[in-house]
Protein chains: 2
Amino acid sequence: MASTTDIASLAALIGNPARAAMLLSLLGGQALTAGELAEVAGVTPQTASGHLEQLRAAGLIRAWAEGRRRRHALGSGEVAQLLEALHLAVPSLASTPPQALAAAPDPAPRRRAPLALREARSCYDHLAGRVGVALAEALAVEGDVGGALSARGEAALRRWGLDLDTLRAPVQGRRPRVFCRPCLDWSERRPHLAGALGAAILTRALETGWLRRTPGARALSVTPAGREGLRRVFGVD
Amino acid sequence: MASTTDIASLAALIGNPARAAMLLSLLGGQALTAGELAEVAGVTPQTASGHLEQLRAAGLIRAWAEGRRRRHALGSGEVAQLLEALHLAVPSLASTPPQALAAAPDPAPRRRAPLALREARSCYDHLAGRVGVALAEALAVEGDVGGALSARGEAALRRWGLDLDTLRAPVQGRRPRVFCRPCLDWSERRPHLAGALGAAILTRALETGWLRRTPGARALSVTPAGREGLRRVFGVD
DNA sequence: GCGACATTTCGGGCTTGACCGAAATGAGGA
DNA sequence: TCCTCATTTCGGTCAAGCCCGAAATGTCGC
């Protein structure tokens, strides 16, 4: 059982502006180097190094060597959920992009999210943006995103090649993962799909070439094949 | 306008052990006085007063006068979700690699939760503990707690008097609330039901006298009528 | 109004930890 | 091998904020 001190010290880690900026910048799902993280946090590399070690020790991030630099990513889906929850608990922040916060430590004017980010982007390990929301709504039983998949949605996913039974089955020895979880989208104000299913959808969409990562950005671009496929298989436009 | 610092300062608030203890003690859904909160936090009333004012200003708690004392409760469901998310992100509770477990420096004296709390308790606004978990599993489609309600579960809830259609319909002008959301139970390690449905179930169980609040504690006691009703209506023992 | 109790305000001591400059370590590339 | 670049370690400074004692404010019961 987690004691209150565990929880307090975890929160205290996120409570430092530099560390918070680093974590938020990792929420897009990409792995960044220590130098990049130092920059988004607005601190020197020495300082950043200290912060990263603390975050790593607490399990908030994972890190691995890559040549002479070191890449860092969020530690787990729980951490991503935690950051989302934190974001939703700030009254004034409900509709601001979490990652944009990291890049805008100044009192930024109320800007709309860039078009590309609103269209499609990755949210930790799943698909967000207009496309993510539309897909979620197409798959769910009327008005119940994150609840039951509709029969038609389930059939479409199977036709597309997802092995839903395997996804649903808990993996022996690992903590069971929520199959289908709603994640509130800050650009659309409507939920999209996270959880094991959400992650599998994003993976498959990248595999099949429906979506492509934009180098150096969180936005995903929908390929012509993707646009066509989304309409044909899922009725999403 | 909002910036990273909003998120960081929110986390920093929870990052103080005294404030964290206060917030967690409110997670049971009951409203406590400043004095009681000072005690659970292990600080003097002066100190507690300062903390409570900070928490209130940030929206983490609500407070109101009640005679010559002041009661405090969690500010919103988002705050409760945030605390749950924090709890789940603590490494000692999250999935830990086996080798790390072997190398664990301090095999913490794994204390079990008190019996009453394990049996039934409120978790912010919904039902947790053994009863909460059993009920969730009885209502859900096999192995999919937080996903679809089974036809039988849905029928049982309606028979019991819950108006599921109204619960599902978003209230005009208010942020839509997730209908049915899994909340991982720390005593059972299995999910129970939160969200609008979870809250409605707890409310109705208190109304019908199936459950009773234990004054001064988070535990709920199951009445004889409740035990009988749970078995008859939901097949839960 | 008076005394008891709950809470808040004020002021000062003290610890914690964020930060940077300087220097060390380690991996690539020529 | 030597040089460069990314990152880490060390040491010392400084500000933030936690905490309590004392005293003030406010409410209740009589």
Side-chain angles (χ1 to χ4, degrees), chain A residues 3-26 30-58 60-73 102 105-106 216, chain B residues 3-26 30-58 60-73 215-216:
Chain A
S3 70
T4 70
T5 44
D6 289 322
I7 290 189
S9 51
L10 195 68
L13 280 177
I14 310 177
N16 173 277
R19 285 191 298 255
M22 292 175 175
L23 289 170
L24 290 170
S25 73
L26 292 174
Q30 288 179 315
L32 303 180
T33 67
E36 291 167 330
L37 289 166
E39 182 159 9
V40 302
V43 293
T44 59
Q46 313 93 287
T47 303
S49 175
H51 286 318
L52 290 169
E53 173 52 24
Q54 292 183 71
L55 292 173
R56 199 201 51 72
L60 287 171
I61 61 173
R62 286 171 291 133
W64 61 94
E66 195 180 287
R68 61 179 158 181
R69 46 193 168 187
R70 212 166 152 73
R71 291 213 168 264
H72 304 261
D106 324 306
Chain B
S3 67
T4 327
T5 50
D6 286 299
I7 285 191
S9 51
L10 195 69
L13 279 178
I14 310 177
N16 173 276
R19 285 190 299 255
M22 292 175 176
L23 289 170
L24 291 172
S25 73
L26 292 174
Q30 288 179 315
L32 304 180
T33 68
E36 290 168 331
L37 289 166
E39 183 160 8
V40 302
V43 294
T44 59
Q46 314 92 288
T47 303
S49 176
H51 286 318
L52 290 170
E53 173 50 26
Q54 292 183 71
L55 293 173
R56 200 202 50 73
L60 287 171
I61 62 173
R62 285 170 293 131
W64 61 94
E66 195 181 285
R68 59 180 157 182
R69 46 193 167 187
R70 213 166 150 73
R71 290 213 168 266
H72 303 261

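Letters A, B, ... mirror the listed sequences (proteins, then strands); counts begin at 1.
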- Message: Go nucleotide by nucleotide along DNA chain D from the 5' end; which of A:Ala48 and B:Pro17 gets its closest nucleotide reached first?
- Response: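 Taking each residue's closest nucleotide, the earlier one in sequence belongs to A:Ala48.
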- More 5' along DNA chain C: A:Asn16 or B:Arg71, using each one's nearest nucleotide?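 Its nearest nucleotide lies further toward 5', so the answer is B:Arg71.
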- Task: Could you say whether A:Glu66 or A:Gly42 is positioned toward the 5' end of DNA chain C, judged by the nucleotide with the nearest heavy atom to each?
- Result: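 Nearest nucleotide further toward 5': that of A:Gly42.
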Rounding to a whole Å, what distance do you find between [X]:[atom1] and [N]:[atom2]?
X: A:Arg70; N: C:dT25; atom1: CZ; atom2: C1'; result: 13 Å
X: A:Leu37; N: D:dA6; atom1: CG; atom2: C1'; result: 13 Å
X: A:Met22; N: C:dA18; atom1: CE; atom2: C1'; result: 12 Å
X: A:Leu52; N: C:dA18; atom1: CG; atom2: P; result: 13 Å
X: B:Trp64; N: C:dA6; atom1: CH2; atom2: P; result: 18 Å
X: B:Arg19; N: D:dC18; atom1: CZ; atom2: C1'; result: 9 Å
X: B:Leu13; N: D:dG17; atom1: CG; atom2: C1'; result: 12 Å
X: A:Arg69; N: C:dG28; atom1: CZ; atom2: P; result: 11 Å

- Would you say B:Thr33 and B:Arg70 make side-chain contact, with heavy atoms under 4.5 Å?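 Answer no - side chains too far apart.
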- Message: What's the separation between atom OG in A:Ser25 and atom CG in A:Leu37, rounded to the nearest 0.5 Å?
- Response: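 Between atom OG of A:Ser25 and atom CG of A:Leu37 there are 5.0 Å.
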- Please determine if B:Glu53 and B:Arg56 form a salt bridge, counting it only when a charged side-chain N lies under 4.0 Å from a carboxylate O.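 A salt bridge is present here (some side-chain N lies under 4.0 Å from a carboxylate O).
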Does [X] use its side chain to pair, donor to acceptor, with the backbone of [Y] at less than 3.5 Å?
X: A:Arg19; Y: A:Leu13; value: yes
X: A:Ser9; Y: A:Thr5; value: yes
X: A:Thr47; Y: A:Val43; value: no
X: B:Arg71; Y: B:Ala31; value: yes

[N] phosphate, OP1 or OP2: any side-chain N/O from [X] under 4.0 angstrom?
X: A:Thr44; N: C:dC20; result: yes
X: B:Arg68; N: D:dT25; result: no
X: A:His51; N: C:dG17; result: no
X: A:Ser49; N: D:dT8; result: yes

- Could you check whether B:Gln54 gets within reach of a base, just the sugar-phosphate, or nothing at all, counting any heavy atom under 4.0 Å?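 Answer is sugar-phosphate: B:Gln54 comes under 4.0 Å of backbone atoms only.
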- Degree of bending in the helix from C:dG1-D:dC30 to C:dA30-D:dT1 once both end axes are built from five pairs, to 10°: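 Angle reported: 40°, given to the nearest ten degrees.
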Which nucleotide sits closest to the side chain of [X]: [options]?
X: A:Ala18; options: C:dC19, C:dT8, D:dT8; value: C:dC19
X: A:Val43; options: D:dC19, C:dG21, C:dC19; value: C:dC19
X: A:Gln46; options: C:dC19, D:dT7, C:dA22; value: C:dA22

- Message: For B:Ala20 versus B:Ile14, what's the shortest heavy-atom pair and its separation?
- Response: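 So the two residues come closest at CB-O, 3.4 Å.
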